[in-house]
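Residue numbers count from 1 along this sequence. This is a predicted model, so every value here is computed, not measured.
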Amino acid sequence: MTSDTSPSLADTLATGTVVLDGGMSNQLGAAGHDLSDELWSARLLAERPEAVTQAHLAYFTAGADVAITASYQATFEGFGRRGIGREEAARLMASSVGLAREAARQARRAGATRPLWVAASAGPYGAMLADGSEYRGRYGLSVAELERFHRPRLEVLAAAAPDVLALETVPDADEAAALLRAVRGLGVPAWLSYTVDGSRTRAGQPLADAFALAADADEIIAVGVNCCAPEDVGHAVETAARVTGKPVVVYPNSGEVWDAQARAWTGRSTFGGDQVTGWRDAGARLIGGCCRVGPRAITAVAQALGSAGAA
């Protein structure tokens with residue numbers, strides 16, 4: 001696997017903390033791009049790839065060490081519904097890694113000297129459905145069926161040589177089991193990140209049981225949570241660290257709530273840089289934000305963690 005950075009992310013996590021980026025969709029939306037269709041930010045991989053690079057660059061400039069690619073909702077099935085064949089769909093998925101790499105190169109040309117990594121996003125099965133079911137799980141599919149769904153695009157993303165695969169926003173321990181099977185033998189490390197409600201997955205399983213699935217998975221370099229309320233992070237970090245002994249990844253939403261029917265956010269932000277030191281002290285090693293968390297909040301995270309920021 002080729003990489004723009006050294007040392008490896010896994011080695012870095014053994015000694016310190018890294019800053020993840022924030023929400024891709026809100027950064028693209030803030031730049032004026034329409035994300036209202038079922039492909040969400042993945043549509044811009046085909047239509048406005050330079051906009052994706054600029055969104056990544058905004059986060060690197062803000063202090064993020066890791067860019068999470070715009071492939072969360074990129075699937076063969078989703079592209080197929082738009083008349084995009086498998087060969088072109090695979091090219092677009094792989095391009096998401098290249099666009100993030102280009103942002104890292106631009107950040108370095110602008111003066112960044114710290115390591116910058118790329119995480120290739122693989123969202124849950126429910127993201128492809130685009131009906132909010134990634135916040136429920138329980139799709140009525142077996143672990144084997146979910147593995148067959150995930151494996152082909154994970155192969156494409158792995159072949160594009162990211163530093164890590166982000167198996168993210170997983171609502172259901174059954175889907176996590178499928179993903180853990182699907183990443184075997186790909187030659188790229190991964191993190192596994194659930195979306196949770198309190199002390200349980202969105203599908204209702206206890207977090208201790210859900211995290212335990214990854215405890216002995218050699219491919220998994222971190223476990224944790226994302227796309228959840230900031231208030232749910234503390235318990236999850238402590239549980240993940242205790243159950244798995246692995247570094248913990250956390251990137252919650254702003255605290256606002258997504259209304260799937262209205263396709264709008266409601267409520268107020270409760271995410272703040274002052275929370276992250278507590279998460280770090282409990283075992284979190286990859287810390288950032290998800291939906292509605294923008295560059296300004298990531299700068300606050302980097303400052304709270306003592307990151308070198310854009311240096």
Query raised in the report: Quick one: do Tyr139 and Val143 end up in the same hydrophobic cluster if we chain Ile, Leu, Val, Met, Phe, Trp and Tyr together by side-chain heavy atoms under 4.5 Å apart?
Result: no
Requested in this report: Kindly give the heavy-atom pair with the smallest separation between Val156 and Ala90, and that separation in Å.
Outcome: CG1-O, 3.4 Å
Report task. Measure the spacing between CD of Glu168 and OH of Tyr72 and express it to the nearest 0.5 Å. Result -> 7.0 Å
Query - Hphob cluster co-occupancy, Phe76 + Val183, side-chain heavy atoms under 4.5 angstrom - result: yes
Query raised in the report: Are the side chain of Thr17 and the backbone N or O of Leu13 linked by a donor-acceptor pair below 3.5 Å?
Result: no
Query raised in the report: Hey, any chance Leu57 and Leu44 share a hydrophobic cluster, counting ILVMFWY side chains that come within less than 4.5 Å of each other, even indirectly?
Result: no
Report summary line: Between Ala284 and Val237 the two heavy atoms that sit nearest each other are N-CG1, 3.7 Å
Query raised in the report: Would you find more than 12 non-hydrogen atoms of other residues, nucleotides or ligands less than 6.0 Å from Arg109 atom CZ?
Result: yes
Query raised in the report: When you measure from the side chain of Asn26 to the backbone N and O of Cys291, does any donor-acceptor pair fall under 3.5 Å?
Result: no
Query - Heavy-atom closest pair, residues Gly126 and Ser133 - result: CA-OG, 3.3 Å
Query - His150 and its side chain to side chain donor-acceptor pair (under 3.5 Å) partner, picked from Glu145, Glu155, Glu175 - result: Glu175
Requested in this report: Would you sort out whether Val233 and Phe271 count as a side-chain contact (heavy atoms from CB on, under 4.5 Å), showing the intermediate values?
Outcome: CA-CA 11 Å; Val233 170; Phe271 182 98; over 6 Å; no
Query raised in the report: Do any N or O atoms from the side chain of Gln275 and from the backbone of Gly272 form a donor-acceptor pair under 3.5 angstrom?
Result: yes
**Report entry** Donor-acceptor under 3.5 Å (Ser254 side chain, Val293 main chain)
**Finding:** no
**Report entry** Side-chain (Arg108) to main-chain (Pro115) donor-acceptor, under 3.5 angstrom
**Finding:** no
Report task. Begin with the C-alpha distance, continue with both residues' side-chain angles, and end with the deciding distance and a verdict on side-chain contact (heavy atoms from CB on, under 4.5 Å) for Trp117 and Val164. Result -> CA-CA 8 Å; Trp117 294 278; Val164 63; 5.9 Å; no
Report summary line: Distance col, row Leu207:CG vs Asp197:CG, nearest 0.5 angstrom, shows 10.0 Å
Requested in this report: For residues Asn253 and Cys290, determine if any side-chain heavy atom of one lies less than 4.5 Å from a side-chain heavy atom of the other.
Outcome: yes
Query raised in the report: Is any side-chain heavy atom of Thr69 closer than 4.5 Å to a side-chain heavy atom of Val118?
Result: yes
Requested in this report: I would like to know whether Val248 and Trp279 meet side-chain contact (heavy atoms from CB on, under 4.5 Å); could you show each step before the answer?
Outcome: CA-CA 9 Å; Val248 179; Trp279 300 340; over 6 Å; no
Query raised in the report: Any side-chain heavy-atom pair from Leu146 and Asp172 closer than 4.5 angstrom?
Result: no
Query - Candidate pair Val188 and Leu154, rule side-chain contact (heavy atoms from CB on, under 4.5 Å), full reasoning - result: CA-CA 10 Å; Val188 179; Leu154 288 172; over 6 Å; no
Query raised in the report: Between atom CG of Asp174 and atom CD of Glu147, what is the distance when rounded to the nearest 0.5 Å?
Result: 13.0 Å
Query raised in the report: Atom CG in Leu167, atom CD1 in Ile220: separation rounded to 0.5 Å?
Result: 5.5 Å
Query raised in the report: If you take all heavy atoms of Ala100 and Phe60, which pair is closest and at what distance?
Result: O-CE1, 3.9 Å
Requested in this report: Indicate yes or no for a side-chain donor-acceptor contact from Arg285 to the backbone of Arg280 under 3.5 Å, with no hydrogens or angles considered.
Outcome: yes
Query - Donor-acceptor under 3.5 Å (Ser71 side chain, Ser121 main chain) - result: yes
Requested in this report: Find the distance between CG (Asp21) and OH (Tyr251) and round it off to the nearest 0.5 Å.
Outcome: 8.5 Å
Query raised in the report: So with a 6.0 Å cut-off around CG of Asp281, is the heavy-atom count from everything else above 12?
Result: yes
Query - Candidate pair Arg101 and Asp163, rule salt bridge (Lys or Arg N to Asp or Glu O under 4.0 Å), full reasoning - result: CA-CA 10 Å; Arg101 290 275 186 229; Asp163 297 293; 2.9 Å; yes
Query - Thr299 to Ala62 - nearest heavy-atom pair and separation - result: OG1-O, 2.7 Å
Requested in this report: Could you tell me whether the side chains of Arg202 and Thr195 share a donor-acceptor contact shorter than 3.5 Å?
Outcome: yes
Query raised in the report: With no hydrogens and no angle check, is any side-chain donor or acceptor of Thr53 less than 3.5 Å from a backbone partner on Leu99?
Result: yes
Query raised in the report: Do the side chain of Glu219 and the main chain of Ala190 share a donor and acceptor less than 3.5 angstrom apart?
Result: no
Query raised in the report: Of the non-hydrogen atoms in Ala241 and Ala282, which two are nearest, and what is the gap between them?
Result: CB-O, 3.9 Å
Query - Euclidean distance, Arg86 CZ relative to Arg153 CZ, rounded to 0.5 Å - result: 12.0 Å
Query raised in the report: Distance-only, no hydrogens or angles: does the Asp232 side chain make a donor-acceptor pair with backbone N or O of Gly198 under 3.5 Å?
Result: yes
**Report entry** Pair Gln106-Glu102, side-chain donor/acceptor within less than 3.5 Å
**Finding:** yes
